[in-house]
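Heads up, the thing below is written out as structure tokens.
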Amino acid sequence: MTKKQIPAYNGDALELKCINTIRAVSADQPQAANSGHPGAPMGCAPLAHLLWKEVMKYAPSDPHWMNRDRFVLSNGHACALQYTMLNLTGYDLSIDELKHFRKLGSRTPGHPECFVTPGIEVCTGPLGQGISNAVGLAIAERHMAATFNEPGYQIFDNFTYVICGDGCLQEGIASEACSLAGHLGLGKLIVLYDDNQITIDGSTNLSFSEDVNKRFEGYGWHVQTVDSVTDGIEDLREAVKDAQATANKPSIIKIRTAIGYGSPSKEGTADAHGAPLGADDLAGAKEFYGLDPTKSFHIDEDVKQVYLDSAAKGEEVRNAWMTLFSEYEVKFMEKADELKRRIALEIPPNALQKLPRFEYGKDKPLATRKYSEQCLNALADELPEIMGGSADLTPSNLTALKNSGDFQKDTPEGRYIRYGVREHAMVAISNGIFAYGGIRPFCATFLIFSGYAMGAIRLSALSKFGVIFIMTHDSIGLGEDGPTHQPIETLESLRAMPNINVYRPADANEMSAAYSLAMLSISTPSVICCSRSTVPALEGSSIDKALKGAYICVEVENPALVLIGTGSEVGICVEAAAELTSSGIPTRVVSMPCQEIFLEQTSEYQRSVLPGNVPTLSVEASSVHGWARYSHAQIGMTRFGASGEGEALFKAFGFSKENVVNKGQALVEFYKNVGPVPDLNNRPVFYNIINPKVLH
């Protein structure tokens, strides 16, 4: 192995030692785990050193201090770099945790997880998500500053810093988010682009030859280039200062780095990306750095002190801010109390009481998207933390906030965000807004277009972010737009996801219950699905009943058949039940606006609603998958839809009173002929997690 020559370094020796220590410790982690990504941390170490030593304000003693600078490692596979920095600066992340990198139960998972590791703002790893989250963090900072700052009291005044790689910028979501960031002029968003020109397949010239700088100039960003950080970081230092001084545009600094810098055989190659260097190569890199190749996870005292001193300065800044906030609490008591309430995610006791209650026979039936509009605006009047928007479908989603203008470059106090046709970025940005604190974001599109955003929705659920998704046009009932716009498998895709509540309300009271539960579910995102067409009023509904996820909407004595419906199909079930009962088949109707909430109820309540041993037929204009858990037979969609009037489509696909009556009669007759009705509740449910203590 040829020994690499140490180049001249334009900076003091301790600075270089710090950077090389970051490189070595970051490479030690995947080596110890026999898994991980050493190359990007080795190349990005100068960037991390500058940010944590000189640039960012942070307080390890208070990782959630509300005016801290936010940092997002968008190329989350490089997380060993962030773990190294959190350890060096005194966060609650010990060197032993670094030694257990990627091990079950450790606080150093394979990609950053915000609910596991102190100092991690958002879950990153799927490329493009982090930089898009950062746009949300920057939007939130600007809005909170416009809302709460007073002359002489800059309560919110932080930057959002991002390290991202080539892969992040290749993902379409990054283009969506960065385009919007440029439009909004988010001057406190600064991206350090790790231009190492390597992806897993090899050189970026295989697939990525665009001029990134021109692309971002087109977005309206402030663009700079730093040609090298291996021989010194002065150019980067000045570029960051210039970015900080550019208040009217987000900034990106294209920084030429060397992946796996210092590796004798893998520097500058794809081999440094996704696997440990190997003992010999790592030893050669440490020797090149001037470090002891026999030591692992070693940090000299002078290096430790550099970062502890920087962290101490951050603590001083935080303490000064706390003093300022104490004065703010006295001078602006109402604002301070409101801010503390919002940061704590507390909801005033009376706020949810403002949700509309439908009076049967008095109020006019509407499409459930119109009930959603009423609920959203009722809450927005009471809860100023509600902020969000639509992906260019405001007139269809009915999500405009009547008490607020738009959030724009010149009106940051506005609470309505015009996302444009950017569904995926919209959701990722909403995740960033939620992560910032003090805001409950919502976002809206057609239910079918949740497919564009599913990667970010999944991260909402994984991250335990209580984002509210308003998804209208929720079935073939949307009509003439046809099968390209009609969701079939979408509800089941969402319901299959852990930690997400999917609501399909059938009337106004169920919609109010959905919004109430969504607001209270601060650690679980909510999808509220809404119809395009008018739904009939339900005499047996109430908010209190719907809060249980499913309830008896129409009751009879000794039911011989149970119909379960959701959304617009509940009304059809009610009509069918009346005919079935009058024909001699006493029929109960159950409305199930949310399966997940229903399953949280006691087994006694669940059985009281769905006995399990009475023939049960589910009716939902969506995929039948999943309904076998609750019903013996299903009326649902088993193919894509068609273009036509919604009412005609419902009839053609079997969502009519006549077909429900026919199939209900057939189901009852079937079990009369074949014998006992299988009890759907009489089956084991296994809990398969053997050691929950090691899981976060």
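Quick note: residue numbers are just sequence positions, from 1.
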Checklist entry - What residue pairs, at least two apart or across chains, pass salt bridge (Lys or Arg N to Asp or Glu O under 4.0 Å) with a residue in residues 650-659? => result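 Residue pairs passing salt bridge (Lys or Arg N to Asp or Glu O under 4.0 Å), neighbours aside: Glu579-Lys657.
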
Checklist entry - So which pairs with a foot in residues 547-565 pass salt bridge (Lys or Arg N to Asp or Glu O under 4.0 Å), sequence neighbours left out? => result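 Found Glu555-Arg588.
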
Next on the checklist: Whether the Thr472 and Asn397 side chains hold a donor-acceptor pair (N or O, under 3.5 Å, no angle test) is what I'd like checked.
Outcome noted: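 Yes, a side-chain donor-acceptor pair sits under 3.5 Å.
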
Item to check | Carboxylate-amine/guanidinium proximity below 4.0 Å for Arg504 and Asp474 | outcome: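 Salt bridge flag = yes for Asp474 with Arg504.
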
Next on the checklist: Looking at Glu373 and Lys370, is there a salt bridge between them, counting it only when a charged N and a carboxylate O are closer than 4.0 Å?
Outcome noted: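 Looking at Glu373 together with Lys370, the answer is no, because their closest N to O distance does not fall below 4.0 Å.
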
So, do [X] and [Y] sit near enough that their side-chain heavy atoms are less than 4.5 Å apart?
X	Y	result
Phe598	Val609	yes
Gln665	Ser583	yes
Met454	Leu494	yes
Arg415	Phe407	no

I need the [X] [atom1] to [Y] [atom2] distance, nearest 0.5 Å.
X	Y	atom1	atom2	answer
Ser622	Glu569	OG	CD	8.5 Å
Ser179	Leu184	OG	CG	9.5 Å
Met519	Leu379	CE	CG	6.0 Å
Met471	Leu491	CE	CG	10.5 Å
Arg341	Leu383	CZ	CG	6.0 Å
Ile139	Ile439	CD1	CD1	9.0 Å

Item to check | Contacts of Tyr436 that satisfy side-chain hydrogen bond (donor to acceptor under 3.5 Å, both in side chains) - sequence neighbours left out | outcome: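 Applying side-chain hydrogen bond (donor to acceptor under 3.5 Å, both in side chains) to Tyr436 gives Asn158.
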
Checklist entry - Can you list the residues that meet the side-chain hydrogen bond (donor to acceptor under 3.5 Å, both in side chains) rule with Gln595, with sequence neighbours excluded? => result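 Listed in chain order: nothing, the list is empty.
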
Next on the checklist: Working note: His632 + Tyr671, criterion ring pair (Phe, Tyr, Trp, His ring centres under 6.0 Å); need CA distance, chi angles, decisive distance, verdict.
Outcome noted: CA-CA 10 Å; His632 299 92; Tyr671 283 115; 5.5 Å; yes

Tell me whether [X] contacts the main-chain N or O of [Y] through its side chain, where contact means a donor paired with an acceptor under 3.5 Å.
X	Y	value
Asn501	Thr524	no
Thr581	Ala577	yes
Ser568	Val535	no
Lys545	Gly540	yes
Glu121	Cys114	no
His696	Phe115	no
Ser460	Phe465	no
Asn377	Ala400	yes
Gln606	Gln601	yes
Asn499	Pro525	no

Checklist entry - Can you tell me if CD on Glu647 sees more than 12 non-hydrogen neighbours from other groups inside 6.0 Å? => result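 Count not over threshold, so no.
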
Next on the checklist: A quick test of your reading: do over 12 heavy atoms of other residues, nucleotides or ligands sit less than 6.0 Å from OH of Tyr452?
Outcome noted: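 Not more than 12 within 6.0 Å, no.
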
Donor-acceptor pairs under 3.5 angstrom involving side-chain atoms of residues 623-630: please list them, not counting sequence neighbours.
residue : atom : partner : partner atom : Å
Ser623  : OG   : His625  : N            : 3.2
Trp627  : NE1  : Glu620  : OE1          : 2.8

Item to check | Residue among Ser512, Ser541, Ser591 satisfying side chain to side chain donor-acceptor pair (under 3.5 Å) with Asp507 | outcome: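 Passing option: Ser541.
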
Next on the checklist: For Gln129, run the side chain to side chain donor-acceptor pair (under 3.5 Å) check against His424, Glu171, Arg458 and tell me which one passes.
Outcome noted: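 Exactly one pass, corresponding to His424.
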
Next on the checklist: Can you list everything that forms a side-chain contact (heavy atoms from CB on, under 4.5 Å) with Thr411? Sequence neighbours excluded, please.
Outcome noted: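 If we apply the side-chain contact (heavy atoms from CB on, under 4.5 Å) test to Thr411, skipping adjacent residues, the hits are Gln408, Glu413.
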
Closest approach of [X] and [Y], non-hydrogen atoms and distance?
X	Y	result
Ala456	Val427	CB-CG1, 3.5 Å
Val614	Pro559	CG1-O, 3.6 Å
Gln486	Ile448	O-CD1, 4.0 Å
Gly389	Met426	O-SD, 4.1 Å

Next on the checklist: Run Glu338 and Glu385 through side chain to side chain contact (heavy atoms under 4.5 Å, CB included) and show every step you take.
Outcome noted: CA-CA 10 Å; Glu338 173 69 5; Glu385 61 263 41; 4.2 Å; yes

Checklist entry - When the ring planes of Phe358 and Tyr371 are compared, do they come out parallel, tilted or perpendicular, using 30° and 60° as the limits? => result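 Rings of Phe358 and Tyr371: perpendicular, over 60°.
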
Next on the checklist: Please verify the inter-ring angle class for Phe442 with Tyr416; under 30° counts as parallel, over 60° as perpendicular, anything in between as tilted.
Outcome noted: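 The rings of Phe442 and Tyr416 sit tilted, inter-plane angle from 30° to 60°.
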
Item to check | Steps toward side chain to side chain contact (heavy atoms under 4.5 Å, CB included) verdict (Glu645, Glu480) | outcome: CA-CA 6 Å; Glu645 294 180 355; Glu480 291 86 349; 3.4 Å; yes

Next on the checklist: Using the rule given for side chain to side chain contact (heavy atoms under 4.5 Å, CB included), can you reason through Leu680 versus Leu610, listing the C-alpha separation, both sets of side-chain angles and the distance that settles it, and then say yes or no?
Outcome noted: CA-CA 9 Å; Leu680 296 175; Leu610 296 175; over 6 Å; no

Next on the checklist: Under the criterion side chain to side chain contact (heavy atoms under 4.5 Å, CB included), I'd like the reasoning laid out for Asp544 against Tyr551: C-alpha separation, chi angles, the key distance, then a yes or no.
Outcome noted: CA-CA 10 Å; Asp544 290 340; Tyr551 64 95; over 6 Å; no

